[in-house]
Amino acid sequence: MKLEYSFQRETIDLSGFWHFRIDPENKGESEKWYEEPQVSEWDELYTPASWNEQDSRYTWYIGTAWYTRAFWLPEDWRSKLTLIFFDGVNYKAKVWVNGIYLGEHEGGFTQFAFRAEKALRFGESNRIVVMVDNTLTGKTVPPGAGMNATYFDFFHYGGIHREAYLLSVPKVHFKDVTIRTEIKGKDGILDIDLEIVNELEEECSCNVTMQVIDEDEAITEERTSVTIGPGAEKTIAQQITVENAEFWGPESPRLYTLRTKLAHDDSKGDVKDTRFGIRTVKVEDGKILLNGRPVFLKGFGRHEDFPVLGKALHGAVLRKDYGLMMYIGANSFRTSHYPYSRTHLDLADEKGFLVILETPAVGLRENVERLDDPEIVEKVCRMTREMIQRDKNRPSVIMYSLFNEPGSGREEFRNILTAAKGEAGKADPTRPVTFASCRHLDDVALDLVDVLCHNFYYGWYSNYGDLEAAAKTLSETLDELHRRFPDKPIIITEFGAGAIAGVHRHPPEMWSEEYQAELIKTYWEVLLSKDYVSGGHIWNFADFRVGQSPRRTTINRKGIFTRTRDPKLAVRVVKNLFTNTPTYR
Ligand code: BDP
């Protein structure tokens, strides 16, 4: 199911307190908890948010848990179609409404929706029940074997951690809108695909209007008409020119809206607004070109992680984070290691951040038996498709990262990468693809990507305590990568050091704030000295929670801000480095 529905349409938000109950013995389905749950015996938790930090009884819980709440549906929704959307449920979800099963979804970070009319009662109260299962196996994406045995280092939260809502659409409606942009002199050229569905029982002749809206004013208008058979879909392709357009970029994140309207039989049909920016991204001669100019990405790997909320970054936290990233002079981040929430990326569009959008395919390495296991390939491909489907119209998204630190020293990795790349190309042929490698010179798949992205930990996991040796290894490895792939730009998608806030050492030592600041400065100097390097992302923007292990002190300390966003010493250093590094070079 295509999911790019707009929010100008009528919606009912299901955020708030839901009844909640864990099901460690997995008996809920056989006991039919989805029918008429005795909620007086259940706990209550807030969503969107993870279950883990709302009550210490659930912090380490892994397995099945149930959520339920009632909601009222207006009578006048009866004549239309109703979808129930989930922006992110970690990890598997099964959904029932009024005891009727609607469907299931696997994957914690991509949006899904179910048609719900068969189960709904209009003008009455309804009950939704969601069974969530965050069990990890060798074949989940990401994979793992338990809360402290994940094949990735971020905390494995569970629950309905992003918005859930109902959406009402007319029976003849826009199922999807795709906008690709090109630049011709001073003009923006929009290539638009409108997918229209007719769910009426008769043929429908519709009038379609497309307007480009610039600050509430329509600056272009095109009309066309289409006839669609009962139960059929059609795609209309249209080109629109925006004369004297203002282009989107970090220095001026100019956004426009495409308003599409559908009318038939003189009745009011569907209206959908789709936001876009006019910009081009190309990889040419070893550079990443934004609107034809070579860009340099300065920023971070981030995580969606915050005390109590878990994996949900509410608007206030995002407001704070963007303020800090802008204060520091960053222009970019990677959605390590899964696609981030809609709001997270809406702000990137609005504030002009260059985003490497990453799939949830992290941890597919040593512990995974075969990387090209058909079950894993199918999941990675589906999640890639779902990710691109939601975010393809965002100007901020300049590249797709298909994996983080996969087992890319193994020949079979080429098979799963080829499959994922094929999927990305089908969903969106306009953006470059990459993955974040930790195999470097031993990587067997670098020829398959458009941009080389590497995570380096010299000075931390190797050459530790010795920044001079780290700089030398870094410099030599980069030069060798460039020698092998002279036409591919290189981005350092991770580098960093753990610093426990408040620990100081002179001369700098590992885990001190000074060492972290020094390491970042050392790396930055090396990166700037190589004109084939197109960016550096510090690992990480903020400290984040991890599982229990002897390698980590309950949280990963590589943030330059603490988990609650207080600055470490590195912040001043990074602000200086970033503000003195131009975006175009
Ligand atoms: C890299 C991973 C990242 C980790 C980081 C670290 O990509 O997810 O958090 O190392 O060890 O290998 O801090």
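Read the numbers this way: they start at 1 and go in the same order the structure lists the ligands and their atoms. Quick caveat, the model's predicted, so the values are computed rather than measured.
Salt-bridge annotation for D372 and R370: present, with a side-chain N of the basic residue lying under 4.0 Å from a carboxylate O of the acidic one. Checked for salt-bridge contact, R563 and E53 meet the test: a charged N lies under 4.0 Å from a carboxylate O.
With W60 as the aromatic partner, R545 meets the cation-pi criteria of under 6.0 angstrom to the ring centre and within 45 degrees of the ring axis. For the pair K568 and F561, the cation-pi test (distance below 6.0 Å, angle within 45°) is failed.
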Ligand 1: protein N/O within less than 3.5 Å of ligand N/O:
from: ligand 1; atom 1: 7 (O); to: N404; atom 2: ND2; distance (Å): 2.9
from: ligand 1; atom 1: 7 (O); to: E405; atom 2: OE2; distance (Å): 3.4
from: ligand 1; atom 1: 7 (O); to: E494; atom 2: OE1; distance (Å): 3.2
from: ligand 1; atom 1: 7 (O); to: E494; atom 2: OE2; distance (Å): 2.8
from: ligand 1; atom 1: 8 (O); to: H337; atom 2: NE2; distance (Å): 2.6
from: ligand 1; atom 1: 9 (O); to: D153; atom 2: OD1; distance (Å): 2.9
from: ligand 1; atom 1: 9 (O); to: D153; atom 2: OD2; distance (Å): 2.8
from: ligand 1; atom 1: 9 (O); to: W539; atom 2: NE1; distance (Å): 3.0
from: ligand 1; atom 1: 9 (O); to: N556; atom 2: ND2; distance (Å): 3.3
from: ligand 1; atom 1: 11 (O); to: Y461; atom 2: OH; distance (Å): 2.4
from: ligand 1; atom 1: 11 (O); to: R552; atom 2: NH2; distance (Å): 2.8
from: ligand 1; atom 1: 11 (O); to: K558; atom 2: NZ; distance (Å): 3.4
from: ligand 1; atom 1: 12 (O); to: E405; atom 2: OE1; distance (Å): 2.5
from: ligand 1; atom 1: 12 (O); to: E405; atom 2: OE2; distance (Å): 2.8
from: ligand 1; atom 1: 13 (O); to: W539; atom 2: NE1; distance (Å): 3.4
from: ligand 1; atom 1: 13 (O); to: N556; atom 2: ND2; distance (Å): 2.9
from: ligand 1; atom 1: 13 (O); to: K558; atom 2: NZ; distance (Å): 2.5

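Between F353 and H344, the ring center distance fails the sub-6.0 Å criterion.
Within the structure, the salt bridge (charged side-chain N to carboxylate O under 4.0 Å, His left out) test picks out the following pairs touching residues 393-404 (sequence neighbours left out): D346-R394, D349-R394, D391-R394.
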